[in-house]
Amino acid sequence: MQSYSLFAPAKINLHLEVIGDRPDGYHELVMIMQSVDLGDTLHLRANGTDQIRIFCENPQVPLDKTNLVYKAVRLMQKKYSKVSNNFGGLDITIEKNIPVAAGLAGGSSNAAAVLVGINLIWSLGLTQPELRDLSAFLGSDVAFCISGGTAIATGRGEKITPLPDLKDIWVILAKYNNLSVSTPRAYKSYREQFNHLYVTDLEDINERTDHIHSGDLVRAISEENADKIGHLLMNDLEKVVLPQYPVVSNLIDAFKAHNVLGAMMSGSGPTVFALCKTQKQAQMVTTNVKKEINDANLDFWVTKMCPHGITVESKGQSSKDKGQR
Ligand code: ATP
């Protein structure tokens with residue numbers, strides 16, 4: 001049976017604005033998302049059984065039906081039941097490099113890889129917009145993760161407008177490995193504290209949504225102006241997460257003290273990212289911040305902005321797949 005290995009990059013948010021509530025219970029958001037080179041590799045293989053089997057060495061990743069990867073397979077099996085009967089279930093091995101519950105969309109990117117992988121294994125011929133429509137059933141970040149790169153995401157996060165690629169900006173990611181933030185909880189806190197500011201009128205929501213397209217950050221991205229991009233970073237969720245986690249706030253300040261282009265929390269955190277113009281600067285800042293904070297639980301990654309979402313790494317039957325028979 002055919003097998004695919006796919007690369008699933010993490011994302012950071014360059015802009016995350018909470019506009020208001022939606023009738024479906026989610027938040028109306030305006031975001032600018034950016035893929036980074038740090039990512040997971042997923043090996044997918046049709047197994048000819050009626051089972052979906054997930055393998056992952058990271059103990060934080062569930063291997064049962066709560067895994068977003070499992071949900072993505074079930075979604076495709078239900079939607080394309082006839083085709084799926086010809087192939088049976090799937091064996092999926094996740095090589096986890098993206099920290100879990102970190103605001104980096106690890107689970108969403110894995111689910112996006114499964115949609116792309118099944119589309120290939122079952123020869124469904126679905127287009128990216130069709131895959132994005134399906135992804136809405138799995139989570140708000142999955143749509144972006146399919147195509148990745150740099151993009152505006154509005155609605156729940158599922159309406160994607162691609163932006164020009166940002167190629168030459170380096171990204172330091174830093175996360176306390178003993179800290180994780182629940183995304184639903186962060187949004188719940190935000191609603192509790194700030195719902196008096198929520199925009200309710202549909203016309204006003206549309207105006208706020210449209211504003212991002214002609215805003216300064218999009219202009220800076222089009223001009224590839226790294227200094228301006230660094231200055232214009234914003235994330236509404238910092239207002240609720242940072243007061244609760246002073247160590248995360250201190251980490252952002254530590255990066256800013258080293259004159260990075262900008263530093264901010266990604267998504268609902270607790271990962272912090274800092275932008276640098278060169279790899280050398282990123283490595284130097286990392287060494288210095290590591291020394292200054294001196295906490296064995298603080299992990300760092302030096303990576304780069306990445307111009308794509310899910311990509312195929314290889315096709316065929318890998319030795320890894322064979323080993324799991
Ligand atoms: P987002 O930025 O989209 O809010 P996140 O990066 O904060 O996501 P994830 O890494 O996706 O968070 O993990 C959130 C929770 O989802 C974890 O606590 C884990 O139990 C569960 N989970 C389900 N599937 C996966 C997966 N494939 N990889 C990682 N976590 C998963």
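These numbers come from a predicted model, not from an experiment. Atoms within each ligand, like the ligands themselves, are counted from 1 in listed order.
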Passing option when S5 is tested against E95, E313, R45, H43 for side-chain hydrogen bond (donor to acceptor under 3.5 Å, both in side chains):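 It is H43, the one option of E95, E313, R45, H43 that forms the side-chain hydrogen bond (donor to acceptor under 3.5 Å, both in side chains) with S5.
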Considering only the protein, which heavy-atom contact is closest to [atom], and what is its distance?
| atom | value |
| --- | --- |
| atom 19 (C) of ligand 1 | P62 CD, 3.9 Å |
| atom 11 (O) of ligand 1 | G107 N, 2.8 Å |
| atom 25 (C) of ligand 1 | N67 OD1, 3.6 Å |
| atom 4 (O) of ligand 1 | T183 OG1, 2.7 Å |
| atom 17 (C) of ligand 1 | V100 CG1, 3.7 Å |
| atom 5 (P) of ligand 1 | G103 N, 3.6 Å |
| atom 2 (O) of ligand 1 | A105 N, 3.0 Å |

Looking at ligand 1, is there an atom of it that comes within less than 4.0 Å of some heavy atom belonging to A102?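 Judged by the 4.0 Å heavy-atom criterion, A102 does count as contacting ligand 1.
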Of all the atoms in ligand 1, which lie at a distance below 4.0 Å from a heavy atom belonging to [X]?
| X | answer |
| --- | --- |
| T66 | 23 (C) |
| S108 | 3 (O) |
| N110 | 26 (C), 27 (N), 28 (N) |
| D141 | 1 (P), 2 (O), 3 (O) |
| K96 | 28 (N), 29 (C) |

Nearest non-hydrogen partners of S266 and L104, listed with the distance: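 Heavy atoms only, the tightest pair is OG-CD2, 3.9 Å.
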Which heavy atom in V241 sits nearest to a heavy atom in A186, and how many Å separate them?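 Where V241 meets A186 most closely, the heavy atoms are CG2-CB, 4.2 Å.
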Determine the interplanar angle of the Y198 and Y190 rings, folded into 0 to 90°, and report it as parallel if under 30°, tilted if 30 to 60°, perpendicular if over 60°.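 Rings of Y198 and Y190: parallel, under 30°.
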For atom 14 (C) of ligand 1, the option (of P184, A101, S109, A111) bearing the nearest heavy atom: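 Nearest heavy atom to atom 14 (C) of ligand 1 lies in A101.
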Only one of S35, S108, P162 passes side-chain contact (heavy atoms from CB on, under 4.5 Å) with F144; say which it is.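 The passing option is S35.
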Looking only at distances, please establish whether an N/O atom of ligand 1 is found under 3.5 Å from an N/O atom of I94.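 No, no N or O pair falls under 3.5 Å.
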Return the set of residues passing ring-ring contact (aromatic ring centres under 6.0 Å, His included) with F7 (not counting sequence neighbours), or none when no residue passes.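 In terms of ring-ring contact (aromatic ring centres under 6.0 Å, His included), with neighbours along the sequence ignored, F7 is linked to no residue.
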Going by an N to O cut-off under 4.0 Å, is there a salt bridge joining [X] and [Y]?
| X | Y | result |
| --- | --- | --- |
| D21 | R191 | yes |
| R22 | D24 | yes |
| E17 | R208 | yes |

Please write out which residues are connected to W170 in a hydrophobic cluster, directly or through intermediates, given that two of Ile, Leu, Val, Met, Phe, Trp, Tyr count as joined at side-chain heavy-atom separations below 4.5 angstrom.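 Cluster partners of W170: V302.
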